[in-house]
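Data first, discussion second: the structure below is written as structure tokens.
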Amino acid sequence: MKTSTQIVILILLINLMPYLVFEGFSQENKRPKIGLVLSGGGAKGFAHLGAIKVLEEAGIQVDVISGTSIGSIVGGFYAMGYPVEFIDSLVRHANWQYLLTDEINRNDMALYEKEIQDLYFFQLPFSEGKFSLPGGLIAGRNLLNFFTRYSFPVHNQEDFTQFPRPFACIAADAITGEVVVLDHGYFPDAIRASMSIPTLFDPVEMDGHLLVDGGLINNFPVQEAINLGADIIIGIDVQNPTFSTKDEILANPTRILTQAGNILRQPLFDKNLRLCDYYIRPDIAGFSSSSFQDVDTLIKRGEDAARKMLPVFKQLAESLNRISPPVISPKTKYPVDSILINHVIISGLNELEIEQFLSIIEVEEGHSYLIADISHKIDRAYQHILYQKIDYRLQENTEGEGYELIVKVLQNSTHGFNLGLHFDNYFNASVRMNVVYRNVTRRNGRLSFSGELGENHYFKAEYLKDNGYKPGLYGSLGYDRREWLLYNGKDVTTSLYTTRFCANLGVTAFFRGNGMFRVGFTPEFVNRKRNIGFDLLSDPNKQYYSYYGQFLVDTYTEGYYPRKGNRVFGSAKIITDNFYELEGGEPILQLILRYNTVIPINKKWNAGYGLYAGEILGTNPEAGYLNFSMGGFWDEYTSTNFPFFGLALMQETGYSLLATRLDLNYYPSFNNVIFLRTNVGKADSNFENIFNGDDYIGGLGLGYGYKSIFGPLEALITFSEENGLGFVLNLGYTL
């Protein structure tokens, strides 16, 4: 009986312990502080947001925060004072596919850099004869710019313990292996360091440390929250579980690495877990660190896990409120008004390079800008591929109103080697190579050497001076070899190999990177050699001297399978063979138009329209070189050939050509597309005949495309009445 009474008393004491403890705090007029600890876990960390929503619903006032990796990002923005609803909206609407790469927004790139991106899958920078390898696959500049943009309210605050909620995050020293607690410094650099997964992201240098992801050592930093003054710890854990059987470990090759990391961290995790008063473990089964597309589901998983403990958290909140009312942390609002920039300070560049940088970002002292606009201007600064990293902050001017824009620039290796591959079942395999030298002859001068080795091949040296909208010098020397075809119906009757040497001298003006206008003079020396069929040419060797004007506008979001945008090319070219005549008569005027637009329907669908036109005014020249043709799926096999699904390459020819095209694209996932191409067109020797008669040709293509690391991998079936069914297999860019 005595033993039973003792047990009852012991149970009562255990249940009353929290109230007795809180009563002790009450006597000292001290309310216990709640510490929130957020683990790392990549995209699974979105579950933190759902759990925080439930904590707020229960009336829990978080006082201090610690986190690692994704926990440092969510926790850092919450510590800044942003409402959880704002952070929720931020992560749901962020373009994670873009943020988790160093990809430059294509519309911010110069046209000539778009060509590099569109044609070559492998790019290796070099400087002073040495190739430079990055510390990780991703420099993380898009993420850093994102962090910098939304951390504007704390740009002036380098002590994280002075945030509305005191904050610390965890990184690891890549040299010594020690844990580094980041509770001070420049906030965007701190959270960027905390999530720098080795070999994936470049490490971050801070305070004499080379920092990588803190989750390597301490992925659940409870003691750090206690050190910030927390009395009661609420921990949210989205780490991968430790596997307990061989079958679990061998189910996926990456699990071996995961298990090794878990084993190394387990002793410290167990210690931290014992210090945790309330532990929330969302159901993250089936999700990985890269499940950024599942943000909605993951937030809901965090909410579901915390809601199971809602009565417990409500009871905790009520107990704390009986001691004293909570001190409500101030809310931070993201500024929507423009701010005055009264001073721009740039380090890491010499005087000439500073002038160039300012001309690119177009931020002037004494003018006001939105924070989003400044962020976009920094993004745009990467378009010339001159800068590896741009740190910036907006510091309040202590001597008056406005802000100082303080920018620290780390230059890129200005030169690069680029490699591309192409294969199709018509021309077989080819290899493309390019070497580019940037910023030659003072600034914005660009020298490049390009070539393709295969059944058709070319070599080209090119110099370009980009003066923006002001004319800049353009010059090139080139050689190419192409096969030219003539048909009788669907049968090839004549095949000519054309070898061409070409020079180009002109001036070019650029508009924002999306537009270009060029005028110039081109001498061409052409040799044509019969392959099959009879020789139609009176003279296999020809020379042409041409005067041209052309323009290009390219606002495609991607070079291949764009989600939206336009690409328009127009050319007017006067062709002679002695500077003023052609074949003893008047010169001819060659007009070309290529117009394509892509219109989004929703996230999964878009539609495209194309118009291709060519016209020769004047005496018709010899066939096989200056006339127009259509056929094949190559976007620009030659300047005078237009793609046409259902026809073989160059199958229809004439001095006048008009074709239209309708596309429909479906994206089941980001890297996959199913597409339908339909086209109607006509080529004729007489312009008037283009609009007369009913002999227009129709064709279509139905295919599947995958964005591989080598470029698009495509398989498509084509059809036309002229040729019936056909099949095309393609790997790599066709431009």
Atom of [X], atom of [Y] and distance for their closest heavy-atom approach:
X      : Y      : result
Pro32  : Ile232 : CB-CD1, 3.9 Å
Ala305 : Ile280 : CB-CG2, 3.9 Å
Met206 : Ala193 : SD-CB, 4.4 Å
Ala190 : Phe160 : CB-CE1, 3.7 Å
Leu228 : Ala168 : CD1-N, 3.8 Å
Gly705 : Phe675 : N-CE2, 3.9 Å

Cation-pi between [X] and [Y]: NZ/CZ under 6.0 Å from ring centre and within 45° of the ring axis?
X      : Y      : value
Arg192 : Phe147 : no
Arg563 : Tyr667 : yes
Arg301 : Phe287 : no

* Asked: Between the main-chain N or O of Val64 and the side-chain N or O of Arg165, is there a donor-acceptor pair closer than 3.5 Å?
  ->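 No, because the side chain of Arg165 does not come within donor-acceptor range (under 3.5 Å) of the backbone of Val64.
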* **Aromatic centroids of Tyr82 and Tyr78 separated by under 6.0 Å** =>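 Ring centroids of Tyr78 and Tyr82 are no less than 6.0 Å from each other.
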Verify the distance criterion only: is there a donor paired with an acceptor across the side chains of [X] and [Y] at less than 3.5 Å?
X      : Y      : answer
Asn145 : Ser375 : yes
Asn672 : Tyr704 : yes
Glu714 : Tyr561 : yes
Asn219 : Gln239 : yes

Rounded to the nearest 0.5 Å, what separation is found between the [atom1] atom of [X] and the [atom2] atom of [Y]?
X      : Y      : atom1 : atom2 : value
Asp189 : Ser194 : CG    : OG    : 12.5 Å
Tyr392 : Leu144 : OH    : CG    : 8.5 Å
Asp237 : Ser39  : CG    : OG    : 4.5 Å
His184 : Leu182 : NE2   : CG    : 7.5 Å
Thr332 : Phe163 : OG1   : CZ    : 9.5 Å

Does [X] [atom1] have over 12 foreign heavy atoms under 6.0 Å away?
X      : atom1 : result
Lys564 : NZ    : no
Lys389 : NZ    : yes
Lys53  : NZ    : yes

Salt bridge present between [X] and [Y] (N-O < 4.0 angstrom):
X      : Y      : value
Asp391 : Arg393 : no
Glu318 : Lys314 : no
Asp118 : Arg106 : yes

* Give me the ring orientation class for Phe46 and Trp96: parallel if the planes are under 30° apart, tilted from 30 to 60°, perpendicular past 60°. =>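 Ring orientation of Phe46 relative to Trp96: tilted.
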* To do: Name all residues meeting the side chain to side chain contact (heavy atoms under 4.5 Å, CB included) criterion together with Ala225; count only those two or more places apart in sequence or in a different chain, and write none if there are none.
  =>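 Side chain to side chain contact (heavy atoms under 4.5 Å, CB included) check on Ala225 returns Val37, Ser66, Ala230, Ile233.
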* Could you name each residue pair satisfying salt bridge (Lys or Arg N to Asp or Glu O under 4.0 Å) that touches residues 289-298, not counting sequence neighbours? =>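 The answer is Arg92-Asp296.
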